[in-house]
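Here is the naming used below: chain letters follow the sequence lines, and residue numbers restart at 1 for every chain.
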Amino acid sequence: MNKILQKERFSDKVYRFVVEAPMIAKSRKPGHFIILRVDEKGERIPLTIAAADEKAGTITLVVQNVGVTSAKLCNMEAGETLTDLVGPLGKATHISKVGTVLACGGGVGIAPLLPIVEGFKKAGNKVISVLAARNKDLIILEKEIRQWSDEVIVMTDDGSYGNKGLVTQGAEEVINREKVDECIAIGPAVMMKFTSLLTKKYNIPTQASLNSIMVDGTGMCGACRVTVGGRTYFTCVDGPEFNAHEIDFDEMIKRLGGYVEEEKAAYERFVASDKI
Amino acid sequence: MAFSKEYLTEQRNAEWRVELRQQIKNKERTEIERVKMPELDPVKRAKEQRIEVNIGLSKEQAVLEARRCMDCVNPTCIDGCPVSINIPKFIKNIERGDFPEAAKALKETNTLPAVCGRVCPQEKQCEASCFYTQKLKKPPVAIGYLERFAADYERESGQMSLPEVAEPNGIKVAAIGSGPASLAFAGDMVKAGYDVTVFEALHEIGGVLKYGIPEFRLPNNTVDAELDILTKMGVNFKKNFIVGKTASFDDLKEMGFKAFFVASGAGLPNFMNIPGENFNGILSSNEYLTRVNLMNASDENFDTPVLYGKNVAVIGGGNTAMDSVRTAKRLGADRSMIIYRRSRQEMPARIEEVKHAEEEGIEFMNLHNPVEYFSDEQGRVNRMRLLKMELGEPDASGRRRPVPIEGSEFDIPVDLVIVAIGVSPNPLIPAALPELKVSRWGTIEVDMETMQSSIPELFAGGDIVRGGATVILAMGDGRRAAAGMDDYLKSSKY
Ligand SMILES: Cc1cc2nc3c(=O)[nH]c(=O)nc-3n(C[C@H](O)[C@H](O)[C@H](O)COP(=O)(O)OP(=O)(O)OC[C@H]3O[C@@H](n4cnc5c(N)ncnc54)[C@H](O)[C@@H]3O)c2cc1C
Ligand SMILES: Cc1cc2nc3c(=O)[nH]c(=O)nc-3n(C[C@H](O)[C@H](O)[C@H](O)COP(=O)(O)OP(=O)(O)OC[C@H]3O[C@@H](n4cnc5c(N)ncnc54)[C@H](O)[C@@H]3O)c2cc1C
Ligand code: SF4
Ligand code: SF4
Ligand code: FES
C-alpha cells in the first residue's frame with residue numbers, strides 16, 4: 001500500500017502525483033519506471049518515475065488519462081492509497097558527457113524526459129529541450145524542464161503556445177543551427193518514429209523510450225516485446241530505452257493496439273458504471 | 001532429509017501397523033482394483049475456469065485404496081519421492097481411519113501436500129517405484145490421490161496442525177521469490193527458529209502456483225491455506241519487492257539479513273523466432289495464464305483484458321501447453337488445438353492432463369511445427385503455416401528427433417496463438433550479482449547437497465537452478481537449502 005501525498009492538475013487529462021515509496025525513491029535512477037495497481041481488481045500499468053525525493057521518501061508520477069486505469073488513478077485524491085506499487089523497473093538511462101544533447105518530449109512524454117534532462121545537465125552537457133503537444137494546455141512541466149535546460153523550444157500543433165508545428169520542426173531547426181551529439185525522444189510512438197527518422201538523416205545517435213503494453217514488468221510474460229535491429233527484446237527488462245534508429249516502430253505501433261477492442265469495451269463499461 | 005532404514009523399520013513395527021497388516025492377506029489386497037478419481041463432467045467443466053476437474057476421493061474410496069498398499073518391508077515408493085515422504089506410514093493411517101495423523105505424517109517431510117497431491121507427476125515418481133508397478137505389473141497404489149485426500153481432509157476439518165516452531169534465534173534470513181522452493185525453505189527455517197522474510201516481485205504470493213497453474217487444477221484456496229499456516233508460524237511475506245531492484249543485496253545486508261535463498265524461478269518465456277511471431281494475438285503462455293489466473297482477466301469485474309480466440313493454437317506439449325489450451329477452451333474457443341512437433345508418446349505433459357484435455361475436446365496436431373504467421377491489416381494474426389514432421393533417430397534427450405517432411409507445408413486459420421515452448425532462467429538476480437557463478441544457460445550453479453552458490457551466504461534452488469522442473473523438486477531444493485544454510489550459519493561467524 002502506497003499513500004498519495006499530493007495531487008496537482010496539469011490539464012484536463014494530465015495529473016501529477018507525489019506518492020510515498022521510500023525504498024524506490026532511494027534506488028531509482030533516471031529512466032526507471034514503476035508498475036502500480038490502483039485497487040484489488042485493477043490492472044498493472046507502467047508509469048515513469050518523473051522525479052524522486054530521497055529524503056522525503058517520495059516519488060513523482062505524471063499520468064495522462066487515456067483509459068480505465070489511468071482514469072481511476074486520476075480520480076484518486078491525496079490521502080488515498082494505491083493497492084500495489086513495485087519498482088524501480090527497467091534499465092536506467094545511460095547518461096554521460098557527450099556535448100550537446102537534444103531532448104524531445106511529446107505530451108505526457110515530457111514527464112519521463114524530466115529526470116533524463118536533469119541527468120544530462122548535471123553530467124555537464126549542453127541541453128536543448130523541445131517540448132511539443134497538441135495545445136498549450138498539454139505542455140507540462142515547462143518550468144522544471146527549463147531549470148535543467150540551456151534552451152527550451154515549445155511547439156504546439158495549433159499554435160496556441162510557443163511555435164506552431166510539430167516536434168520534428170523544432171528539432172530540425174536546432175540540428176541545422178548547431179552540432180547535436182545525442183538525441184533523446186520520449187512521447188507518443190508516432191512522434192518518436194518521426195523524430196528518429198529525422199535524426200537518422202543527420203546521423204545523430206538517438207534513444208527512444210518505449211511505452212509498450214506490459215503485464216508483470218519483470219521479463220516474465222513477453223507482452224512488451226519489440227523488434228530492435230532485427231532481434232526481439234523485452235521492453236521492461238532490456239529497455240525501456242533503445243537505439244531509436246533500429247526500432248521497428250511500425251510493429252511497435254501495431255502492438256500498442258493489441259487490446260484496443262477490449263480496452264474500449266472496458267472503458268464503456270467503466271463510464272456506464274458511473275464511477276467516472 | 002530422507003529417513004534412515006532403521007527409523008522406517010521401527011515405524012513399520014508399530015503395533016497398530018503390524019495388526020493392520022495381519023487383518024487382510026496381501027493376495028486380497030492386490031485383488032482390489034485401483035480407485036478411479038471422480039471427475040467433473042467434461043462438457044460442464046470445459047466452461048469452468050475456476051472449478052477443479054478432479055473432485056477428490058470420498059472417505060470410503062480412500063480407505064479402500066489405502067488397503068491396496070501392502071506396507072512393504074522395502075517400500076520402494078519412498079525412493080521415487082523427491083522429498084522422501086514416509087508413504088506407507090501415511091497410507092496406513094488412512095486405512096485405519098486416522099486421517100489427521102496421515103496428514104501429520106505427510107508434513108514430516110512435505111510442506112505442501114495438498115499441492116503435491118494435485119500437481120506432482122506421480123506416475124513418473126512415487127507411483128512408478130511402487131511394488132505394484134515394479135513387480136506385479138499392476139496399476140500402482142494411488143499415492144497422489146491419497147496424499148491429496150489426507151491433506152484436504154485436514155484442511156476442510158478446519159484443524160490444520162501448526163508444526164512446532166523452535167525458540168526464535170533472532171537471525172534474519174531472506175528468501176527471494178515466493179514459489180514452492182521458497183515456501184518449503186521458509187517453512188523449515190522458521191521451524192528452526194530463524195526470522196524469515198520472503199520477498200516477491202508480484203502482488204501475490206505463490207509463484208507459478210498462483211500465476212501459472214490454473215484453478216481447474218489447483219484452486220487458489222488450497223495454496224492460500226498453506227500460506228496461512230506459514231504466516232501463523234511466523235514467516236514474513238513482502239510483496240511488490242524485487243530484490244536487486246527495489247533494494248540490492250547490500251541494502252538487505254544492511255537491514256540485517258545474514259543469508260539468502262534465491263528461488264526466482266524460470267520466468268523468461270522462450271519464443272521460436274519465426275517470421276510474424278510478434279503479431280498481435282500471439283503471446284507466451286506466461287502472458288496468457290498470468291492474465292487469466294493472476295489478473296482475473298476473464299472476469300468482467302476486473303480491469304485487465306484478455307484476448308478471446310475462435311481458433312486457438314497452442315504451441316508445445318508440456319503442462320504449460322495443456323493448461324493454456326484448456327484455458328482457451330474454457331474461455332469459449334471453437335477450436336482449441338495443441339501443435340506439437342513430436343508424437344504423443346514424447347509429450348512431457350502429465351498423462352492425466354493429456355487425457356483430461358482430450359475429454360474436453362482439445363484437438364491434437366502432433367508431429368506439426370509452425371514456420372510462419374500471417375496477419376490482417378491491423379496486425380492481428382489470422383493464419384499460420386505448419387510443417388509436418390516425422391520421427392527420426394533418438395536425440396540427446398533420448399526422445400526421437402522430429403524431422404521436417406519436405407514440402408508438407410499448409411496453412412490453417414488462427415486468431416489466437418499461445419507459445420508454450422519452455423522458459424529460461426529469470427536473469428534478474430544474476431544481473432544484480434555479477435560475481436555469482438551461472439551456467440551457460442543462465443542457471444545458478446550450486447552444490448546440490450547444500451544448495452550453496454559461489455557466494456557463501458547465497459543459496460539457490462528450484463527452477464533458477466534446474467531450468468524448468470517440477471513443484472516437488474523445487475520444494476526438495478528448498479528443504480536442502482534450509483539444512484545447508486542452517487549448517488553454514490551455525491558454523492560460520494558471519
Ligand atoms: C515504461 C513505460 C512508461 C510509461 N510512463 C508513463 C507516464 O509516465 N505517464 C503516463 O501517463 N503514461 C505512461 N505510460 C503509458 C501508460 O502505461 C498507459 O497509458 C496506461 O497503461 C494506459 O492504461 P489505461 O488502463 O488507462 O488505458 P487502456 O484502456 O489500457 O488504454 C487506453 C488507450 O491507450 C492506449 N494504450 C494502452 N497502453 C498504452 C501504453 N503503454 N502506451 C501508450 N498507449 C497505450 C491503448 O491503445 C488505448 O487506445 C508508460 C508506459 C510504459 C511502458
Ligand atoms: C503453467 C505451468 C504448469 C505447471 N504444471 C506443473 C505440474 O503440473 N506439476 C509440477 O510439478 N510442476 C508444474 N510446473 C512447474 C512448476 O510450477 C515449477 O517447476 C515450480 O513452480 C518452480 O518453483 P520455484 O520456487 O523455483 O519458482 P516459481 O514458482 O517460478 O516462483 C518464482 C517467483 O520468484 C519471483 N521473483 C523472481 N525474481 C525475483 C526477485 N528478484 N525478487 C523477488 N521475487 C522474484 C517471481 O515473480 C515468482 O513469483 C508448471 C509450470 C507452469 C508455468
Ligand atoms: S510428493 Fe509427489 S512424489 Fe512424493 S509422494 Fe507425494 S505425489 Fe508422490
Ligand atoms: S511400494 Fe506401493 S505397496 Fe509398497 S509400501 Fe509403497 S505404496 Fe505401498
Ligand atoms: S511486461 Fe512482461 S515481460 Fe515485459
Record all donor-acceptor atom pairs with a distance under 3.5 Å between chain B and chain A; write none if the list is empty.
from, atom 1, to, atom 2, distance (Å)
B:His203, ND1, A:Arg44, NH1, 2.8
B:Asn240, ND2, A:Asp84, OD1, 2.7
B:Lys245, O, A:Ser27, OG, 3.4
B:Lys245, NZ, A:Gly90, O, 2.8
B:Thr246, O, A:Ser27, OG, 3.1
B:Thr246, OG1, A:Gly87, O, 2.8
B:Glu277, O, A:Arg225, NH2, 2.7
B:Asn278, O, A:Arg255, NH1, 2.8
B:Asn278, OD1, A:Arg225, NE, 2.7
B:Asn278, ND2, A:Thr227, OG1, 3.1
B:Asn278, ND2, A:Thr232, OG1, 3.4
B:Asn278, ND2, A:Glu251, OE2, 3.3
B:Asn280, ND2, A:Lys254, O, 2.8
B:Ile282, O, A:Arg225, NH2, 2.9
B:Ser284, OG, A:Cys221, O, 2.5
B:Asn286, ND2, A:Met220, O, 2.8
B:Glu287, OE2, A:Tyr259, OH, 3.0
B:Arg291, NE, A:Tyr259, OH, 3.1
B:Asp303, N, A:Lys41, O, 3.0
B:Asp303, OD1, A:Lys72, NZ, 3.4
B:Asp303, OD2, A:Lys72, NZ, 2.6

Checklist line | Where B:Leu416 and B:Leu307 come nearest, the two heavy atoms and their spacing | finding: CD2-O, 3.6 Å
Margin query: What verdict does the side chain to side chain contact (heavy atoms under 4.5 Å, CB included) test give for A:Val190 and A:Ile253, after you've listed the backbone C-alpha separation in whole Å, the side-chain angles of each residue and the deciding distance to 0.1 Å?
Written below: CA-CA 8 Å; A:Val190 189; A:Ile253 290 166; 4.2 Å; yes
Note to self: With heavy-atom distances below 4.5 Å as the criterion, would you say the side chains of B:Val438 and B:Thr443 are in contact?
What the structure shows: no
Check: So do the side chains of B:Asp195 and B:Phe257 get within less than 4.5 Å of each other, counting heavy atoms only?
Finding: no
Next item on the list: Give the C-alpha distance, both sets of side-chain angles, the deciding distance and a yes or no for side chain to side chain contact (heavy atoms under 4.5 Å, CB included) between A:Leu36 and A:Ile45.
Entry: CA-CA 6 Å; A:Leu36 61 76; A:Ile45 67 159; 4.0 Å; yes
Next item on the list: Heavy-atom distances under 4.5 Å only: say whether A:Leu85 touches chain B with side chain, backbone, both or neither.
Entry: backbone
Next item on the list: Apply the ring-ring contact (aromatic ring centres under 6.0 Å, His included) test between B:Phe199 and each candidate in B:Phe237, B:Phe241, B:Phe260; give the one that qualifies.
Entry: B:Phe241
Next item on the list: Among the options A:Ala266, A:Gly258, A:Ala265, A:Ala21, pick out the one with the most heavy-atom pairs lying under 4.5 Å from chain B.
Entry: A:Gly258
Item checked: Rounded distance [0.5 Å steps], CD1 in B:Ile464 versus CD1 in B:Ile444 -> 4.5 Å
Note to self: Between B:Val306 and chain A, with a heavy-atom cut-off of 4.5 Å, which part of the residue counts as in contact: side chain, backbone, both or neither?
What the structure shows: backbone
Next item on the list: Using a cut-off of under 4.5 Å on heavy-atom pairs, state which of A:Ala223, A:Gly222, A:Gly257 scores highest against chain B.
Entry: A:Ala223
Checklist line | Largest heavy-atom contact set with chain A, pairs under 4.5 Å, which of B:Gly379, B:Pro269, B:Pro427 | finding: B:Pro269
Checklist line | Atom pair CG/CD1 of A:Leu61 and A:Ile49 - distance to nearest 0.5 Å | finding: 7.5 Å
Margin query: Please give me the minimum heavy-atom distance between B:Ile339 and B:Pro370, naming the atom from each residue.
Written below: CG2-CD, 4.2 Å
Margin query: Can you tell me which portion of B:Leu428 sits under 4.5 Å from chain A's heavy atoms? Options are side chain, backbone, both or neither.
Written below: side chain
